[in-house]
S.K.: 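Dumping the structure here so I can ask a few things about it.
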Amino acid sequence: MPEHPPERRENARAAIELKVEYKRLNSFFADYTRNISRGGTFIKTGKPLKIGTEFMFKLFVPRLVEPLALRGKVQWIVTEQEATEDQEAGMGIGFV
C-alpha cells in the first residue's frame, strides 16, 4: 500500500470531476480531476508524471467559454500498481 505524505492541506477540497488536458513530450492527454482546492487538484491518470514535474494544463469548467490555463507541479503520485479501491491512480498537483 502506498504511503502518502502527512495531511498538510491548508484548504478544504471539493469533490468534483472536471476534464483536464495537458501535453507530455509530443502527445496530448485528456484526464479528469477527482477533487480541487485553492492550492491544488488530483488528476486521475494511469501514467502520472514524475514528482517535481512542472507543467501547464487546461481545466475545463462548466459555464466558462474557455478552459482555465494553469501551471502545476506534481507533488505526489499513485501508480496503477499502488492504486486501491479507495485511492485511484494519478497525481497530486500543487498550483504554481
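Since we're looking at a predicted model, the values are computed, not measured.
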S.K.: Could you give me the CA-CA distance, side-chain angles and deciding distance for I36 and L59, then say whether side chain to side chain contact (heavy atoms under 4.5 Å, CB included) is met?
M.R.: CA-CA 11 Å; I36 195 165; L59 184 64; 3.6 Å; yes
S.K.: How close do I43 and F55 get, counting heavy atoms only, and between which atoms?
M.R.: CD1-CZ, 4.3 Å
S.K.: Would you say the side-chain atoms of E82 pair up with the backbone N or O of T79, donor to acceptor, closer than 3.5 Å?
M.R.: yes
S.K.: Rounded to the nearest 0.5 Å, how far does NZ of K73 lie from CD1 of I93?
M.R.: 11.0 Å
S.K.: How close do F95 and R38 get, heavy atom to heavy atom, and via which atoms?
M.R.: CD1-O, 3.4 Å
S.K.: Between atom OH of Y32 and atom NZ of K19, what is the distance when rounded to the nearest 0.5 Å?
M.R.: 6.0 Å
S.K.: What closest approach, in Å, do V96 and G72 show between heavy atoms, and which atom pair accounts for it?
M.R.: CG2-C, 3.8 Å
S.K.: Could you check whether atom NZ of K44 has more than 12 heavy atoms from other residues, nucleotides or ligands sitting under 6.0 Å from it?
M.R.: yes
S.K.: Under 3.5 Å, side chain of T33 to main-chain N/O of L18, donor-acceptor pair present?
M.R.: yes
S.K.: Same cluster or not: M56 versus V61, using hydrophobic residues (I, L, V, M, F, W, Y) connected whenever any side-chain heavy atoms lie under 4.5 Å apart?
M.R.: no
S.K.: How close do A30 and E21 get, heavy atom to heavy atom, and via which atoms?
M.R.: CB-CG, 4.2 Å
S.K.: If hydrophobic clusters are built from ILVMFWY residues whose side chains come within less than 4.5 Å, do F60 and L68 share one?
M.R.: no
S.K.: Under the side chain to side chain donor-acceptor pair (under 3.5 Å) rule, what pairs show up with a residue in residues 48-72, not counting sequence neighbours?
M.R.: none
S.K.: Write down the atom of A83, the atom of A89, and the distance for their closest heavy-atom approach.
M.R.: CB-N, 3.7 Å
S.K.: Begin with the C-alpha distance, continue with both residues' side-chain angles, and end with the deciding distance and a verdict on side chain to side chain contact (heavy atoms under 4.5 Å, CB included) for T45 and Y22.
M.R.: CA-CA 12 Å; T45 179; Y22 57 98; 3.7 Å; yes
S.K.: So which heavy atom on E88 is nearest to which on F42, and how close?
M.R.: O-CZ, 3.5 Å
